[in-house]
Amino acid sequence: MVRLQEIVQKVVTHFQLIVIEEYHTEQLIHRVEILTPQTVYTPDTLYLAEHTESLPAPPRDMVCCLMTALPGDAPLSYIHITKQPPLPALYQFINELLRFEATIEMQSNQLYHALYQGRGLKDVITLAERFLQYPISVCDASYNMIETSPLMQQMSYGLESKPSASPHRQTRFFLSDFEVESLKRTRVVEQIYRSPSAFGVRTVDHPDNLWVFCAIRLQNVMTGYVAVCMGDTEATEYVLRMTTILANICAIEMQKHEFFVTRTGMKYENFLVDLLDGRFTDVNMISSRLELLDRRFCKFFCIAVLSCMEPHDSNLFNKQQMNALRAAYPNSMSVVYRDAVVLFLNQEDPINLSQDFTRKLAEFSTLNRMKAGISQPFVDIMKIHDFYTQAVHALEIGEQTQPDRLLHYATELLPQYLFRSSSYTGLEIGIHYHIRFLQGYDNDYHTEFITTLRAYLQNDRNATRTAEALHIHRSTFFYRIKKIEELLDISITDSHLLFLYELSFLIWDYLC
């Protein structure tokens, strides 16, 4: 059955109509009929009629939807529209829509039935190919082919094969290196990560073949994708809908196996958790443990805490993606810890949190819909728990102050981090009294001394840039500064005083 709202929306779009009254949007519709005086109403039928005096008004408890306006008080089950399409055309359109939805529902149920019978992903993919009549493959997030349909195994390009170690499967298929590079270079991978449903794409490498892709997600984390090769045809709504359904079914099947793990699956995970918990008291013990785990103990460290932007069970995180994160930063370690992913950077050279250094972390966060709080780099491994806490607070504060950013740096949020440990009153009385005085003066005399002083500090105490930022002449800027100096009996060159003003503005913004 189909929700009445879905039918009406497609009718409105196709015939360019406007619905002028409310109706029962959630009513489930199974059939469509043209209304006659002899009609016996059933609750799952949509009735079509032009208004005539010979047609009786339907009972209020029946579902009767007339695609035209009726005189008098019509029940809510009526749908009033701006114009009447020809009834035969309207009937044919809705009837085809209902048949289409019935086909989708029937085939979807068969795929779910195959899954629940325990026939495995192979049989599900083979059945899906029988419906779609196109080659299908299922890959994990590292482009390894989990399953391929019979037609896909006959593809003339893109696949490589080798004997399988499993006695139940003679040959194992996997995506060629060229195809993996092509998916990345043509940015198809980014589309797969972003798209909530199936989409079609032609690439410059294969312009004669349309591919339909759909991400397989567990707890909002992409763990693989479905790929359908349609050849030189266009993607229909049927193919897109069925591919999306197939991806959802694959997600259920993959949950049964070990595609997801509680942590990273790496042998150092328990050590890293103990380290983050602050359970070590000896640097030498930390160093020796790392050596036993085939990891080098370096001189410079940093912590990044990554959290999902969408709700998901953060105790589960894809092993392949964790591997990708570690591969971006050699000798790093990562683990699921306290409902977030923690990346421990450990290297011989000083860590410079430049844009170039954090680019891979930003790319990883973008693809996996995550945000990160990054601690200050440090050299004392015994303080790792404190810097982990700093990264957590950086993420929390950053989300409050700059929610559009992916990476939040503790180095940029140190004042706010320190402010969190103080009471509101304690911070409020810390605002320099000169700032309060100028605020009151501006209110009384409609001057702009607070704005001018703040702009001067924000523009690195540069007069020219400040005047440009305020859209005033330099002489106007110097006049205002002179007045501020006179009112406060200060010199604008007093660097210590200017630091206190900057701190006051930071407190002011934090409290507001």
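Side-chain atoms are counted along with the backbone in the values below, which use heavy atoms only and exclude waters and symmetry mates.
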Where [X] and [Y] come nearest, the two heavy atoms and their spacing:
| X | Y | value |
| --- | --- | --- |
| Ala114 | Leu127 | CB-CD2, 4.2 Å |
| Asn459 | Ala469 | ND2-CB, 3.8 Å |
| Pro377 | Leu353 | CD-CD1, 3.9 Å |
| Leu111 | Ala128 | CD2-N, 3.7 Å |
| Ala394 | Leu413 | O-CD1, 3.5 Å |
| Ser307 | Leu395 | CB-CD2, 3.8 Å |

Worksheet item: Hey, mind stepping through Leu246 and Ile125 against side chain to side chain contact (heavy atoms under 4.5 Å, CB included) and telling me if it holds?
Response: CA-CA 8 Å; Leu246 179 59; Ile125 298 301; 4.0 Å; yes
Worksheet item: Would Thr148 and Ile136 count as a side chain to side chain contact (heavy atoms under 4.5 Å, CB included) if you check the C-alpha gap in whole Å, the side-chain angles of each, and the deciding distance to 0.1 Å?
Response: CA-CA 6 Å; Thr148 51; Ile136 304 171; over 6 Å; no
Electrostatic pair [X]-[Y], nearest N-O below 4.0 angstrom:
| X | Y | result |
| --- | --- | --- |
| Arg187 | Glu190 | yes |
| Asp404 | Lys371 | no |
| Arg454 | Glu502 | no |
| Lys10 | Glu6 | no |
| Glu105 | Arg241 | no |

If we ignore hydrogens and angles and just use 3.5 Å, is the side chain of [X] paired with the main-chain N or O of [Y] as donor and acceptor?
| X | Y | answer |
| --- | --- | --- |
| Tyr225 | Ala247 | no |
| Gln390 | Gln376 | yes |
| Asn346 | Phe297 | no |
| Thr358 | Ser354 | yes |
| Thr203 | His206 | yes |
| Asp380 | Met382 | yes |
| Asn209 | Cys229 | no |

Centroid-centroid distance, [X] to [Y], less than 6.0 Å:
| X | Y | value |
| --- | --- | --- |
| Tyr329 | Phe357 | yes |
| Phe93 | Phe15 | yes |
| Phe344 | Tyr388 | no |

Discussion item. Is it the case that the side chains of Tyr112 and Gln107 hold a donor-acceptor pair, with the cut-off being a distance below 3.5 Å and no angle test?
Written reply: no
Discussion item. Applying side chain to side chain contact (heavy atoms under 4.5 Å, CB included) to Ile435 and Leu453, what does each step give before you reach the verdict?
Written reply: CA-CA 9 Å; Ile435 303 299; Leu453 180 57; 4.1 Å; yes
Fill in: Under the ring pair (Phe, Tyr, Trp, His ring centres under 6.0 Å) test, residues paired with Phe100 that sit two or more places apart
none
Response to the item:
The ring pair (Phe, Tyr, Trp, His ring centres under 6.0 Å) partners of Tyr510 (sequence neighbours excluded) come to Phe419
Worksheet item: Looking at residues at least two apart in the chain, or sitting in another chain, which of them share a side-chain hydrogen bond (donor to acceptor under 3.5 Å, both in side chains) with Ser149?
Response: Glu129
Worksheet item: Can you name the side-chain hydrogen bond (donor to acceptor under 3.5 Å, both in side chains) partners of Asp205, sequence neighbours left out?
Response: Ser182, Arg185
Worksheet item: Excluding sequence neighbours, so at least two apart, what forms salt bridge (charged side-chain N to carboxylate O under 4.0 Å, His left out) with Asp232?
Response: Arg202
Fill in: salt bridge (charged side-chain N to carboxylate O under 4.0 Å, His left out) partners for Glu96, two or more places apart
none
Fill in: Ile384/Phe378 under side chain to side chain contact (heavy atoms under 4.5 Å, CB included): CA gap, chis, key distance, verdict
CA-CA 8 Å; Ile384 185 173; Phe378 58 100; 4.2 Å; yes
Practice prompt. Check whether any side-chain heavy atom of Leu276 sits under 4.5 Å from a side-chain heavy atom of Ile303, and report yes or no.
Written response: yes
Fill in: Neighbour count above 12 (heavy atom, 6.0 Å) for Glu348 CD
yes
Practice prompt. Check whether more than 12 heavy atoms from other residues, nucleotides or ligands sit under 6.0 Å from atom CD of Gln133, and answer yes or no.
Written response: yes
Discussion item. Set out, in order, the CA-CA distance, both residues' side-chain angles and the distance that settles salt bridge (Lys or Arg N to Asp or Glu O under 4.0 Å) for Glu412 and Arg405, then state yes or no.
Written reply: CA-CA 13 Å; Glu412 299 174 359; Arg405 292 186 60 173; 3.1 Å; yes
